[in-house]
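Read the numbers this way: they start at 1 and go in the same order the structure lists the ligands and their atoms. Computation of the quantities below employed the complete heavy-atom set of this structure, encompassing side-chain atoms and omitting hydrogens, waters and symmetry-equivalent molecules. Here the structure is a predicted model, which means the values were calculated and not measured.
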Amino acid sequence: MAKILITGGLGYIGSHTAVALIEKGHTPVVVDNLSNTRIDVLEGIEKITGVRPEFHQLDLAIATDVAYLFRTHNDLDGIIHFAAYKAVGESVAEPLKYYNNNLTSLIYLLQEIAKGQRDIPFIFSSSCTVYGQAKDLPITEVAPVVPAESPYGNTKQIGEEIIKDAVAANGIKAIALRYFNPIGAHESAAIGELPLGVPQNLIPFVTQTAAGIREQLSIFGNDYPTRDGTAIRDYIHVVDLAEAHIIAVERLLAQENELPFEVFNLGTGEGSTVLEVVEAFERVSGMKLNYRFAPRRPGDVIAAYADTKKVNEKLGWKAKRSLDASLASAWAWQQRLGKD
Ligand code: UFG
């Protein structure tokens, strides 16, 4: 059983991954700077697993914090690196904040791995944003990486490049996981997404509208060349996504990787339109959603969904949870948040 550092481990995907690690018998060491989450997520993890993970409030973009972490933890078996800023719009307004935070922390972590005597597998949180509007759908991992639409997206592209070079030069082993659209929450509703302010992403906006926090959902664009005119995405349950991280780190620990740096798509392989998501939400919640059509959102692609053949075959991982189940869990979580 392995001791795994989870950076950003109190964030949305990080917290679900901490739960999945504990459930597989591993020991997470959780680090978070609490810039976009709350300390009580630790209680949520404990409620689900019965284990309160070791936690350190540290900022991995600060050299002394990283040095402290590795000085006090020379027994780490692996690192799953989530800690990053992730708001696309904010990254356009404040690009330097994004480049500094997302890339500095990545470089510091890789430097520590390169310095160490032991092999520490590294799992990187990447995004399907690297593909932009892919020419061929579904999107395979060999689809070209195109110039990013936002500084946020660019930090994922540059991040992958940095890892590739560090792997080649420093003997590091790494896997980049390119997420499609993570949604939903743990079935217990003890942990989930905590969007600060007005949500940018579809599902939190939908659940907040249903809860009466927002008046109306704007559907950005109904003139796309798709089956109903709204944009298509591959919505993947966050618990399925979390489980893939454990498989990825175990693959590197068991030295079952075929290359020192591998890249996998994490999606369901199914594309859903925004209107299909709204309909599915109405079905599982039994509510009518107040929505209107609005102009397209700049930077949005028409359609993106994953080809999952590589990840199915090589990681033996497949998304198990349906869109309805994902939306039901997101709604249960929203209702739980309303009671806090
Ligand atoms: N949408 C709406 N109304 C909203 C919010 C979203 O209609 O209020 C639409 C978007 O236009 C898009 C779809 O819902 O068609 C999904 O939008 P999200 O913002 O939930 O997700 P994105 O696909 O835009 O973004 C996701 C990740 C980003 C990542 C990006 C890469 O959240 O981190 O994919 O494509 F950069």
| query | How does Leu217 reach ligand 1, if at all, at less than 4.0 Å between non-hydrogen atoms: by side chain, backbone, both, or neither? | reply | side chain
| request: Measure the spacing between CG of Leu42 and CZ of Arg52 and express it to the nearest 0.5 Å. | output: 5.0 Å
| request: Answer yes or no: does an N/O atom from Phe205 fall short of 3.5 Å to an N/O atom of ligand 1? | output: no
| Nearest neighbour in protein (non-hydrogen) for atom 17 (O) of ligand 1 | Arg297 NH2, 3.4 Å
| message | Using a 3.5 Å cut-off on N or O atoms only, is Lys86 in polar contact with ligand 1? | response | no
| message | What's the separation between atom CZ in Arg227 and atom OG in Ser272, rounded to the nearest 0.5 Å? | response | 7.0 Å
| field | Nearest candidate to atom 1 (N) of ligand 1, where distance is taken over non-hydrogen atoms, out of Tyr179, Phe220, Tyr291, Tyr131 | value | Phe220
| request: Determine the sole option in Val29, Ile80, Leu76 for which the side chain to side chain contact (heavy atoms under 4.5 Å, CB included) test with Ile4 is passed. | output: Ile80
| said: List ligand 1 atoms under 4.0 Å from Ala231, heavy atoms only on the residue side. | reply: 15 (O)
| said: Regarding Tyr98 and Asn154, do their side chains bring together a donor and an acceptor under 3.5 Å, going by distance alone? | reply: no
| task | State whether a side-chain donor-acceptor pair under 3.5 Å links Tyr179 with Ser125. | result | yes
| query | For ligand 1, which atoms, with element, lie under 4.0 Å from some heavy atom of Tyr152? | reply | 29 (C), 33 (O), 36 (F)
| message | My understanding is that only one of Ile163, Leu252, Val249 makes a side chain to side chain contact (heavy atoms under 4.5 Å, CB included) with Phe122; could you say which? | response | Ile163
| note | If we number the atoms of ligand 1 from 1 as shown, the ones under 4.0 Å from a heavy atom of Val274 are 9 (C), 14 (O), 15 (O)
| said: I'd like to check which ligand 1 atoms, numbered from 1 as shown, lie under 4.0 Å from a non-hydrogen atom of Ile219. | reply: 7 (O)
| request: Report yes or no: do Glu243 and His245 form a side-chain donor-acceptor pair below 3.5 Å? | output: no
| task | May I ask you to check if ligand 1 and Arg233 share an N or O to N or O distance below 3.5 Å? | result | yes
| For ligand 1, the portion of Asn181 having any non-hydrogen atom under 4.0 Å away | side chain
| note | The single option from Val19, Ile6, Ile45 that satisfies side chain to side chain contact (heavy atoms under 4.5 Å, CB included) with Pro28 is Ile6
| request: Please work out which of Asp300, Val198, Val301 has its closest non-hydrogen atom nearest to atom 11 (O) of ligand 1. | output: Asp300
| Asp234 to Gly269 - nearest heavy-atom pair and separation | OD2-N, 2.9 Å
| said: Using a 4.0 Å cutoff against the non-hydrogen atoms of Ser218, which atoms of ligand 1 qualify? | reply: 2 (C), 3 (N), 4 (C), 7 (O), 8 (O)
| said: Give me the nearest non-hydrogen protein atom to atom 30 (C) of ligand 1 as residue plus atom name, then the distance to 0.1 Å. | reply: Thr129 CB, 4.3 Å
| What part of Tyr235 sits under 4.0 Å from ligand 1 if we count only heavy atoms: the side chain, the backbone, both or neither? | side chain
| said: Please report the interatomic distance CG(Leu194) to OG1(Thr37), rounded to the nearest 0.5 Å. | reply: 5.0 Å
| message | Below a 4.0 angstrom heavy-atom separation, can you tell me which part of Gln200, side chain or backbone, both or neither, approaches ligand 1? | response | backbone
| note | If you scan protein heavy atoms around atom 32 (O) of ligand 1, the nearest is Asn201 ND2, 2.9 Å
| Heteroatom proximity flag, Leu202 to ligand 1, N/O under 3.5 Å | yes
| query | Does Lys310 make a cation-pi contact with Phe264 (under 6.0 Å, within 45 degrees of the axis)? | reply | yes
